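This one's a predicted model, so the numbers in the text were calculated from it and none came from an experiment. Residue numbers begin at 1 in each chain, while the letters A, B, ... track the order of the sequences.
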Amino acid sequence: MAHPKLRVIVEDNDYRRLDLPSGMPETLTELHNTIREAFGVEHDFNIQFMDPDFNNDFMNLTTVQDLQDRGTIKLVYMQNVVGVSPVSSLRSTPSTSLSSETLVSSQSSPCASSIHASSTDSDSTIILKHSDSELRERAWPRNFPIPRFSYNVEMQLQQGNESFRDTGNQLKIAPGLKSEILEKLAEEIFLYTAYPQNYQIDDVAGALIKKFPCLKEQSATGYYSWMISLKYKMANYRTKMRIIGCPEVTVNALKNKSSDECLPAKNVKKPKKAEVNFFPSHPAGETDESLEKVRLELLVDIRQRNTASRVREKMSKTFSYRRKEVVQEKPTAGEVKTRWPALFHISEVGIYCTSLNLCLL
DNA sequence: ATCCTTACGCGGTGGAGAGC
DNA sequence: GCTCTCCACCGCGTAAGGAT
């Protein structure tokens, strides 16, 4: 039987064929790895597919279910230089994992996605800089991709699956195995959100059992206790992240709350629906002070001519700083307009509305 | 002995829904 | 529209047990 294949736009004018003799990848991670190996791509990239629901325009791929045999996908590279072509990014030395505010916005905000719905070539795909790896790249996926566990865990689970298939016996979880599974899942969940909701925990536990039926337990769903454990795990994982200073969770630590709201559940700051990067860390090496300087520069730049790219670059750089202001200080729209006039320029509104936690359209 | 992880209790918040 | 109740969830502290 013929195996599936994909047409891959590796870069402009470089269309390649990707044969998949083992079938379609089961997870996005697997697809990423296959592409990396097949074409020697070293730089970080996002994948877009031609979405029939939107006139076959390219949309970010959030689940492998959207892949079709002989379909076309496109690689969109993460890079830290505005306007650099994907060609150079292919050849450049890979650095830290980078993300783009625009790409994030396109998944998390209806107004931003409108900008990209009609993008069909790389030149029109706006890529902005954020010189840190803290930004989230994806909204919550339709099908949660169970990450690859460490070799010994994968081996135990594969053997467990085989035994389950043959005998119907569930895997007897060895000491430490559960911890390793929960830890890896928590890491993966944290890539999307620090505060998963019930349906999200349900998604993850369901996906785990689907991939590893040997982990099924005696309950209506087969994964109830995994859901409970994941809830505990995420709570404990947040504590861990709080201790190492992850801003998204330290903002809710009692020691960072004012005396009148010094209660654990009072005014918990977490992402609203569809927000992806709620409270990212500052770019490496940047502080409130250094980013305040950039903000002051922006106030000058915005009044000058031919500074669009500089403004865009600085707005991207100060994304985390703006988010911090919005989350912690809850400024009025007027205050934001005074401090960040570039946000209200028509060319920037669609791109940056998510940084405000507002849809300005 | 010490550290780490899981699981749990506590006292509280806040959103949803029912009743008025 | 307001009040009340219910319930899920929050950070924090901690017990228990396993790993080192």
Look at the side-chain heavy atoms of Ile, Leu, Val, Met, Phe, Trp and Tyr, link any pair under 4.5 Å apart, and say whether A:F190 and A:I243 land in one connected group.
no

Rounded interatomic separation in angstrom, taking OH from A:Y195 and C1' from C:dC10:
8 Å

Find the distance A:E183:CD to B:dT6:P and express it as a whole number of Å.
7 Å

Check A:E313 with A:R310, please: is the shortest side-chain N to carboxylate O separation under 4.0 Å?
no

Interatomic distance, A:E187 CD vs B:dT5 P [rounded to whole Å]:
11 Å

Do A:E292 and A:Y321 pair up side chain to side chain, a donor and an acceptor below 3.5 Å, judged on atom types alone?
yes

Taking CD1 from A:I181 and P from B:dT5, how many angstroms apart are they, rounded to a whole number?
16 Å

Measure the distance from CD on A:Q197 to P on B:dA16 and round it to the nearest whole Å.
11 Å

For a quick test of reading the model: is some side-chain N or O of A:S179 closer than 4.0 Å to OP1 or OP2 of B:dT6?
yes

So if you build clusters from Ile, Leu, Val, Met, Phe, Trp, Tyr with side-chain heavy-atom gaps below 4.5 Å, do A:Y199 and A:I209 land together?
yes

Could you give the distance from CD1 (A:I9) to CG (A:L75), rounded to the nearest 0.5 Å?
8.5 Å

Distance test, side-chain N/O of A:R238 to OP1/OP2 of C:dC12, below 4.0 Å:
no

Atom pair distance, as rounded to whole Å: CG in A:L177 and C1' in C:dA19
15 Å

Those residues of residues 198-209 of chain A lying under 4.0 Å from DNA chain C by at least one heavy atom:
A:N198

Applying salt bridge (charged side-chain N to carboxylate O under 4.0 Å, His left out), which residue pairs with at least one partner in residues 227-244 of chain A are found, sequence neighbours left out?
A:E183-A:K233, A:E183-A:K240

Under a 3.5 Å distance rule, please check whether A:S290 uses its side chain to pair with a backbone N or O of A:E286 as donor and acceptor.
no

Can you see whether A:E180 engages A:S150 through a side-chain donor-acceptor pair at a distance of less than 3.5 angstrom?
yes

Look at the side-chain heavy atoms of Ile, Leu, Val, Met, Phe, Trp and Tyr, link any pair under 4.5 Å apart, and say whether A:L191 and A:L230 land in one connected group.
yes

Whole-Å distance separating the CD1 atom of A:I173 from the P atom of B:dT6
12 Å

Which parts of nucleotides 7-15 of chain B does protein reach within less than 4.0 Å, heavy atoms only, written one letter per nucleotide 5' to 3' as B for base, S for sugar-phosphate only and - for none?
BB--BBSS-

For the pair made of CG in A:L254 and C1' in C:dG13, what is the distance, rounded to whole Å?
11 Å

